[in-house]
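Here's the structure, in C-alpha coordinates; my notes come after.
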Amino acid sequence: MRSLRCFFFLFLFLFEGAFAAAGKIWSRTEMVEMAGYGEQKLSSVIITGSLLCDTSSPILPSIAIPGATVAIKCQTGYKRRSKWIKAVTDDLGEFEIDLPSQLHAIPDMENTCVVKPVHVPKLYRCNHRSTNAHKRIKLVSSNNGFRVYTSGKIRLQGSQSSRS
(Lines give C-alpha, C1' and ligand atoms only; values in the text may rest on other atoms or scores of the structure.)
Protein backbone atom coordinates (compact mmCIF):
# COMPACT_ATOMS: atom_id res chain seq x y z
CA MET A 1 0.00 0.00 0.00
CA ARG A 2 2.86 2.34 0.84
CA SER A 3 4.52 1.77 -2.57
CA LEU A 4 1.21 2.53 -4.29
CA ARG A 5 0.99 5.84 -2.41
CA CYS A 6 4.57 6.73 -3.45
CA PHE A 7 3.78 5.90 -7.04
CA PHE A 8 0.66 8.09 -6.88
CA PHE A 9 2.64 11.09 -5.58
CA LEU A 10 5.34 10.56 -8.21
CA PHE A 11 2.66 10.42 -10.88
CA LEU A 12 1.16 13.69 -9.62
CA PHE A 13 4.54 15.43 -9.84
CA LEU A 14 5.06 14.23 -13.40
CA PHE A 15 1.53 15.06 -14.41
CA GLU A 16 1.83 18.61 -13.10
CA GLY A 17 4.84 19.18 -15.36
CA ALA A 18 7.69 19.28 -12.85
CA PHE A 19 9.81 16.72 -11.03
CA ALA A 20 12.17 17.49 -8.16
CA ALA A 21 15.31 15.44 -7.57
CA ALA A 22 18.58 16.33 -5.88
CA GLY A 23 17.45 19.93 -5.42
CA LYS A 24 16.90 20.41 -9.17
CA ILE A 25 13.46 20.94 -10.68
CA TRP A 26 13.06 19.74 -14.26
CA SER A 27 10.15 20.71 -16.42
CA ARG A 28 8.28 18.11 -18.42
CA THR A 29 9.98 19.40 -21.60
CA GLU A 30 13.46 18.97 -20.08
CA MET A 31 12.63 15.44 -18.92
CA VAL A 32 11.34 14.51 -22.38
CA GLU A 33 14.55 15.84 -23.99
CA MET A 34 16.73 13.96 -21.48
CA ALA A 35 14.90 10.78 -22.43
CA GLY A 36 15.68 11.42 -26.10
CA TYR A 37 12.19 12.37 -27.24
CA GLY A 38 12.71 16.11 -27.64
CA GLU A 39 11.95 18.47 -30.47
CA GLN A 40 15.60 18.75 -31.51
CA LYS A 41 16.60 16.65 -34.49
CA LEU A 42 19.30 14.06 -33.96
CA SER A 43 20.13 14.03 -37.67
CA SER A 44 19.34 15.97 -40.83
CA VAL A 45 19.56 14.93 -44.47
CA ILE A 46 19.38 17.69 -47.07
CA ILE A 47 19.20 17.15 -50.84
CA THR A 48 20.26 20.08 -53.03
CA GLY A 49 20.51 20.67 -56.75
CA SER A 50 19.54 22.96 -59.59
CA LEU A 51 17.25 22.72 -62.61
CA LEU A 52 18.41 24.18 -65.92
CA CYS A 53 16.90 24.39 -69.38
CA ASP A 54 19.38 23.90 -72.24
CA THR A 55 18.59 26.28 -75.09
CA SER A 56 19.81 26.15 -78.63
CA SER A 57 21.28 29.65 -78.29
CA PRO A 58 25.09 29.91 -78.28
CA ILE A 59 24.83 33.21 -76.35
CA LEU A 60 22.81 31.76 -73.45
CA PRO A 61 23.35 27.98 -73.55
CA SER A 62 21.28 27.21 -70.42
CA ILE A 63 18.93 29.11 -68.14
CA ALA A 64 17.71 28.49 -64.60
CA ILE A 65 14.09 27.43 -64.16
CA PRO A 66 12.51 29.19 -61.17
CA GLY A 67 9.18 27.93 -59.84
CA ALA A 68 9.61 24.38 -61.09
CA THR A 69 8.71 21.42 -58.89
CA VAL A 70 11.26 18.67 -58.29
CA ALA A 71 10.81 15.54 -56.21
CA ILE A 72 12.88 12.76 -54.65
CA LYS A 73 11.89 9.13 -54.11
CA CYS A 74 13.92 6.48 -52.29
CA GLN A 75 13.87 2.68 -52.30
CA THR A 76 12.96 1.81 -48.69
CA GLY A 77 12.93 -1.98 -48.91
CA TYR A 78 12.31 -4.90 -51.21
CA LYS A 79 9.83 -3.62 -53.83
CA ARG A 80 8.95 -0.66 -51.58
CA ARG A 81 9.49 3.01 -52.31
CA SER A 82 8.88 6.14 -50.31
CA LYS A 83 6.39 8.74 -51.42
CA TRP A 84 7.63 11.56 -53.62
CA ILE A 85 8.96 14.41 -51.45
CA LYS A 86 8.63 17.66 -53.37
CA ALA A 87 10.28 21.09 -53.42
CA VAL A 88 10.01 24.19 -55.60
CA THR A 89 13.05 25.81 -57.22
CA ASP A 90 14.00 29.36 -56.23
CA ASP A 91 14.81 32.31 -58.53
CA LEU A 92 18.17 30.72 -59.43
CA GLY A 93 16.60 27.34 -60.26
CA GLU A 94 18.05 25.78 -57.10
CA PHE A 95 16.16 23.52 -54.71
CA GLU A 96 16.63 22.08 -51.25
CA ILE A 97 14.74 19.09 -49.87
CA ASP A 98 14.86 18.22 -46.16
CA LEU A 99 14.20 14.47 -46.01
CA PRO A 100 11.80 13.25 -43.30
CA SER A 101 13.52 11.48 -40.42
CA GLN A 102 12.07 8.06 -41.32
CA LEU A 103 14.23 8.13 -44.48
CA HIS A 104 17.52 9.09 -42.77
CA ALA A 105 18.57 5.48 -42.13
CA ILE A 106 18.28 4.27 -45.74
CA PRO A 107 21.50 2.39 -46.54
CA ASP A 108 23.39 3.34 -49.70
CA MET A 109 21.26 6.41 -50.30
CA GLU A 110 23.27 7.31 -53.41
CA ASN A 111 21.98 4.22 -55.20
CA THR A 112 18.46 4.08 -53.77
CA CYS A 113 17.22 7.67 -54.19
CA VAL A 114 16.48 9.57 -57.40
CA VAL A 115 15.53 13.19 -58.06
CA LYS A 116 13.39 14.23 -61.00
CA PRO A 117 11.53 17.32 -62.23
CA VAL A 118 7.78 16.95 -61.79
CA HIS A 119 6.48 20.24 -63.14
CA VAL A 120 8.03 23.03 -65.22
CA PRO A 121 6.23 26.39 -65.58
CA LYS A 122 4.65 26.97 -69.01
CA LEU A 123 6.84 30.05 -69.47
CA TYR A 124 9.73 27.65 -70.13
CA ARG A 125 9.52 25.26 -73.06
CA CYS A 126 11.58 22.55 -71.43
CA ASN A 127 10.40 19.03 -71.88
CA HIS A 128 10.74 17.16 -68.60
CA ARG A 129 8.62 14.18 -69.66
CA SER A 130 10.24 12.93 -72.85
CA THR A 131 13.77 12.69 -71.43
CA ASN A 132 14.83 10.42 -68.62
CA ALA A 133 15.49 13.21 -66.16
CA HIS A 134 15.91 10.95 -63.13
CA LYS A 135 19.17 11.86 -61.44
CA ARG A 136 20.98 10.02 -58.67
CA ILE A 137 22.32 11.89 -55.67
CA LYS A 138 25.87 12.14 -54.38
CA LEU A 139 27.12 12.73 -50.82
CA VAL A 140 28.77 16.14 -50.51
CA SER A 141 29.21 16.53 -46.75
CA SER A 142 28.68 14.57 -43.54
CA ASN A 143 29.30 16.08 -40.11
CA ASN A 144 27.72 15.48 -36.66
CA GLY A 145 24.53 13.87 -37.94
CA PHE A 146 24.09 16.45 -40.71
CA ARG A 147 24.41 15.04 -44.25
CA VAL A 148 24.17 16.96 -47.50
CA TYR A 149 23.63 15.26 -50.85
CA THR A 150 23.41 16.87 -54.28
CA SER A 151 21.83 15.87 -57.54
CA GLY A 152 24.01 18.45 -59.27
CA LYS A 153 22.60 20.22 -62.31
CA ILE A 154 19.55 18.61 -63.88
CA ARG A 155 19.47 19.74 -67.52
CA LEU A 156 16.29 19.65 -69.56
CA GLN A 157 16.08 20.07 -73.34
CA GLY A 158 14.15 22.93 -74.86
CA SER A 159 14.14 26.68 -75.32
CA GLN A 160 12.64 29.59 -73.45
CA SER A 161 9.43 31.14 -74.75
CA SER A 162 9.22 34.89 -75.14
CA ARG A 163 8.34 36.73 -71.94
CA SER A 164 5.44 39.15 -71.92
Side-chain angles (χ1 to χ4, degrees), residues 17 26-164:
W26 289 299
S27 70
R28 181 185 179 287
T29 305
E30 289 173 323
M31 291 177 58
V32 166
E33 286 181 6
M34 283 188 286
Y37 299 106
E39 297 283 326
Q40 296 178 355
K41 287 184 167 184
L42 297 177
S43 67
S44 289
V45 177
I46 306 292
I47 313 296
T48 64
S50 61
L51 190 59
L52 301 172
C53 182
D54 284 340
T55 65
S56 56
S57 169
I59 298 170
L60 189 61
S62 61
I63 55 172
I65 307 175
T69 304
V70 294
I72 185 167
K73 186 181 263 192
C74 300
Q75 186 80 30
T76 58
Y78 180 70
K79 292 190 177 183
R80 293 185 57 207
R81 285 195 172 267
S82 67
K83 293 180 180 176
W84 286 105
I85 298 140
K86 298 176 182 175
V88 177
T89 58
D90 63 12
D91 291 341
L92 301 174
E94 297 174 346
F95 63 88
E96 185 176 289
I97 301 172
D98 188 359
L99 282 186
S101 58
Q102 66 264 25
L103 300 178
H104 291 191
I106 294 174
D108 197 22
M109 199 172 278
E110 291 93 340
N111 293 317
T112 58
C113 297
V114 291
V115 176
K116 78 171 199 170
V118 178
H119 171 75
V120 175
K122 289 183 181 180
L123 178 64
Y124 299 91
R125 293 184 188 165
C126 287
N127 195 350
H128 66 285
R129 292 193 177 114
S130 68
T131 60
N132 186 5
H134 288 75
K135 187 108 184 232
R136 296 223 182 261
I137 60 174
K138 180 177 162 186
L139 181 65
V140 176
S141 172
S142 178
N143 191 11
N144 295 331
F146 189 81
R147 290 180 290 165
V148 178
Y149 291 85
T150 185
S151 65
K153 296 176 182 176
I154 300 174
R155 296 182 182 275
L156 304 177
Q157 297 299 315
S159 63
Q160 184 181 19
S161 66
S162 59
R163 295 185 187 213
S164 305

- Query: If we only count heavy atoms from C-beta on, is the I85 to P100 side-chain gap below 4.5 Å?
  - Reply: yes
[X] to [Y] - nearest heavy-atom pair and separation:
X	Y	answer
G49	S151	CA-OG, 3.6 Å
P121	P66	CG-O, 3.5 Å
G67	T89	N-OG1, 3.0 Å
D54	S62	OD1-CB, 3.3 Å
G152	K135	C-NZ, 4.4 Å
A68	V120	CB-CA, 4.3 Å

Can you tell me how far apart [atom1] ([X]) and [atom2] ([Y]) are? Round to the nearest 0.5 Å.
X	Y	atom1	atom2	result
C74	I47	SG	CD1	7.0 Å
F95	T69	CZ	OG1	11.5 Å
N144	S44	CG	OG	11.5 Å
I137	R147	CD1	CZ	9.0 Å
I65	E94	CD1	CD	13.0 Å
I46	L99	CD1	CG	7.5 Å

- Query: Ignoring hydrogens and geometry, is there a side-chain-to-backbone donor-acceptor pair from R155 to L52 under 3.5 Å?
  - Reply: no
- Message: Donor-acceptor check, side chain of T150 to backbone of T48, threshold 3.5 angstrom: yes or no?
- Response: yes
- Item | Partner of Q75 by side chain to side chain contact (heavy atoms under 4.5 Å, CB included), out of V114, T112, I106 | T112
- Message: E110 vs L139, test: side chain to side chain contact (heavy atoms under 4.5 Å, CB included). Steps then yes/no.
- Response: CA-CA 7 Å; E110 291 93 340; L139 181 65; 3.3 Å; yes
- Task: Give a yes or no on whether D108 atom CG has more than 12 heavy-atom contacts from other residues, nucleotides or ligands under 6.0 Å away.
- Result: yes
